[in-house]
K.L.:
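Take a look at this one; I'll ask things after.
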2 protein chains.
Amino acid sequence: MSKTTHREDHLKALYALGHSGDSESEWVSTNQMATHLGVKPPSVTAMVHVLTELGWAEHRPYHGARLTPAGEKLALALVRKHRLWETFLVERLGFEWDEVHDIAEQLEHVDSVALVERLDQYLGHPDVDPHGDPIPKADGTFRNMEGVMPLSELGEFECAVVMGVKANDQTLSAMRDRGLGLGSKLTKNDLVTLPQAWLPQLMVKTS
Amino acid sequence: MSKTTHREDHLKALYALGHSGDSESEWVSTNQMATHLGVKPPSVTAMVHVLTELGWAEHRPYHGARLTPAGEKLALALVRKHRLWETFLVERLGFEWDEVHDIAEQLEHVDSVALVERLDQYLGHPDVDPHGDPIPKADGTFRNMEGVMPLSELGEFECAVVMGVKANDQTLSAMRDRGLGLGSKLTKNDLVTLPQAWLPQLMVKTS
DNA sequence: GGTCAACTTTAGCCAAGACTAAAAAAAAGT
DNA sequence: ACTTTTTTTTAGTCTTGGCTAAAGTTGACC
C-alpha cells in the first residue's frame, strides 16, 4: 500500500469508530483502532502522530484520538468513494451486496476527483449504497435520512421496510439466504421469528 | 504502493519494452526499465532480482532481463485489466481517450478476478481499447488484428481507417484537436498535411 | 590490443510502516 | 491509599524499495 493508502485507512478507521457508537464522544482509543485495522497498538500510535502532524487528527496521550474538521472532510470523501463504488459493483456489474466490500476497499483509494464525480453522475447521484448507508455528497453533507432506526428500537408497528443493514459479510449472506434485503417488508411477526441478534442491525422505517 | 503493485509495474515495463520495439529480441536493458519507470538503475536491478526469484523473469547480468512464460502470463493479465478499465472510462463514464491512462494505471492494480470478468462482460467483451490497442482475453490470447499497420508503412492507398494510436497523452490531445481519432478516415492527401511525426503512430487499415 | 566511455551491479544508507519488548501512565480492586 | 492489572507509549529491530557513490563489465574507437 502506498503512504497515502495507509493514512487513508487510519483516517477512515477514526471516522468509522468515532461515529459508529451510540455515544456522543468522538474520541477513539488506540486499541480500538488497532483491532479495527488489524495491526498492533504501537503502529497505530505512530500513524496517529503522522496524522496529527498533517493536521488531520488530534491526539490526547493515553486518552485517544479524533479527527479534526480537515480530517473529517477527507474521511467523508473516502466514505463517498467507497459507497459509490459499492453501488456500481452491485447495480451495474451484478455483484451481490455481500461480495463488494473488499473490492470497494481497494477502489476507494484510486485518486481522481474527476473519476468520482463522473461515477456519481453515471449512477444517477444515488442517496444510499446497496447496504442502505447514506452516500455523502461532494461537499460532505448527507441527504435527509430521518425516520430510519434499528428494528430493535422500533416500538409498536404494523409494517416496516428495510432501509439498510449494518452487518459483516457473513451475516449479510445469511440474511440474504433468508430472503432479507434492502426494501424487504417486515411485520410484527418477524420480531420473534428472526434471529434476535439481527434486530439491532436492521435499519428500518415504518410504512 | 504495495509490494505487489511495485512488482506489477516492473512486470508491465518488461512486457511493454520487450514487445514494443520492431526488433525481435525481448531482452530489456536496465536503463530502459529505469527510464520507463522513473527510477534509478540500481532500483531496477534489485527488483529484477526479486522477479527472478519469483520465476517471473530471467536476468543475464550486464545484458538485460526478459519475462519467463509465467511472467508474461501475469503481464498480459495486467494489460487486460488496464485496457478494460480504459474502455470503461471512455465508453461508460465519458472521459476522453487522452485522459484515462493515469486512472487506469491505478485501477489495474485492484486485485479481483471476478471484477475483471464482470467488467469484461459489462463492456460486451471488447476486442480493442479506446486507443485501438487489442485487449488480451482471459487466457492471454488476442483476437485477430491482421491488416493493421502504421500509416508510415502503408504504400499506395485510397482510403484508410484509424484503428489505433500509439502516442502519449499530449500528442493524443493534439490529434483530437485536429479531429483525428479512432475510426477517422484518411486519404492520400493526409500523408502530407498531417505532422510527419504522427505517421508512424497512427495504426491504420486500408478500406 | 589498449584506453576510455557508457552501462550495470554492488555496497551502504534512508524512509515508511510493521513488529516485539520494555517502560510509563491510567484504571481497577482491595 | 496502595497495589495490581490494563492500556498506551517509547525504544529498538526488520522488511521493502528507493537513493548515491564506488566498483566492475562491456564495447567502441583509435
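Atom set for the values below is all heavy atoms of this structure, side chains included, hydrogens, waters and symmetry mates excluded. Throughout, a chain's letter reflects where its sequence line sits, starting with A, and its residues are numbered from 1.
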K.L.:
For A:M1, which contact category applies under a 4.0 Å heavy-atom criterion: base, sugar-phosphate, or nothing?
P.N.:
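Touches nothing.
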
K.L.:
What do you reckon, is CD of A:E117 surrounded by more than 12 foreign heavy atoms closer than 6.0 Å?
P.N.:
yes

K.L.:
How close or far is atom P of C:dT20 from atom NZ of A:K40, stated in whole angstroms?
P.N.:
5 Å

K.L.:
Measure all distances between protein nitrogen or oxygen atoms and nitrogen or oxygen atoms of nucleotides 7-9 of chain C, and list the pairs falling under 3.5 Å.
P.N.:
unit_1, atom_1, unit_2, atom_2, d
C:dT8, OP1, B:T30, N, 3.4
C:dT8, OP2, B:N31, N, 3.0
C:dT8, OP2, B:N31, OD1, 3.4
C:dT8, OP2, B:N31, ND2, 3.2
C:dT8, O3', B:Y62, N, 3.4
C:dT9, OP1, B:H59, NE2, 2.5
C:dT9, OP1, B:Y62, N, 3.2
C:dT9, OP2, B:T30, OG1, 2.8
C:dT9, OP2, B:T45, OG1, 3.0

K.L.:
Whole-Å distance between D:dG18 C1' and B:H6 NE2?
P.N.:
8 Å

K.L.:
Expressed as a whole number of angstroms, how long is the span from B:M47:CE to D:dC19:P?
P.N.:
11 Å

K.L.:
To the nearest Å, give me how far apart CG (A:D9) and P (C:dG17) are.
P.N.:
11 Å

K.L.:
Specify the separation, in whole Å, of atom CG of B:L37 and atom P of D:dC19.
P.N.:
10 Å

K.L.:
When the side chains of residues 33-57 of chain B are checked against the rest of the protein, which donor-acceptor pairs come out under 3.5 Å, sequence neighbours left out?
P.N.:
unit_1, atom_1, unit_2, atom_2, d
B:T35, OG1, B:N31, O, 3.0
B:T45, OG1, B:P41, O, 3.4
B:T52, OG1, B:V48, O, 2.8

K.L.:
With sequence neighbours left out, write down each residue that passes side chain to side chain contact (heavy atoms under 4.5 Å, CB included) with B:R83, or none if nothing qualifies.
P.N.:
B:V79, B:D129, B:D133, B:P134, B:I135, B:F142

K.L.:
Could you say whether A:S43 or B:A46 is positioned toward the 5' end of DNA chain C, judged by the nucleotide with the nearest heavy atom to each?
P.N.:
B:A46

K.L.:
Rounding to a whole Å, what distance do you find between B:R7:CZ and D:dT15:P?
P.N.:
14 Å

K.L.:
Are the side chains of A:Q201 and A:P150 in touch, meaning some heavy atoms are under 4.5 Å apart?
P.N.:
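A:Q201 vs A:P150: side chains apart.
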
K.L.:
Compute both the distance and the angle, then confirm whether B:R92 meets the cation-pi test with A:F88: under 6.0 Å from the six-membered ring centre, within 45 degrees of the axis.
P.N.:
no

K.L.:
A:L51 CG to C:dG17 C1': how many Å, rounded?
P.N.:
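Rounding to the nearest Å, CG of A:L51 and C1' of C:dG17 are 13 Å apart.
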
K.L.:
Is it true that the side chains of B:H109 and B:E8 contain a donor and an acceptor less than 3.5 Å apart?
P.N.:
yes

K.L.:
Expressed as a whole number of angstroms, how long is the span from B:K3:NZ to C:dA16:C1'?
P.N.:
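About 15 Å, once rounded to whole Å.
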
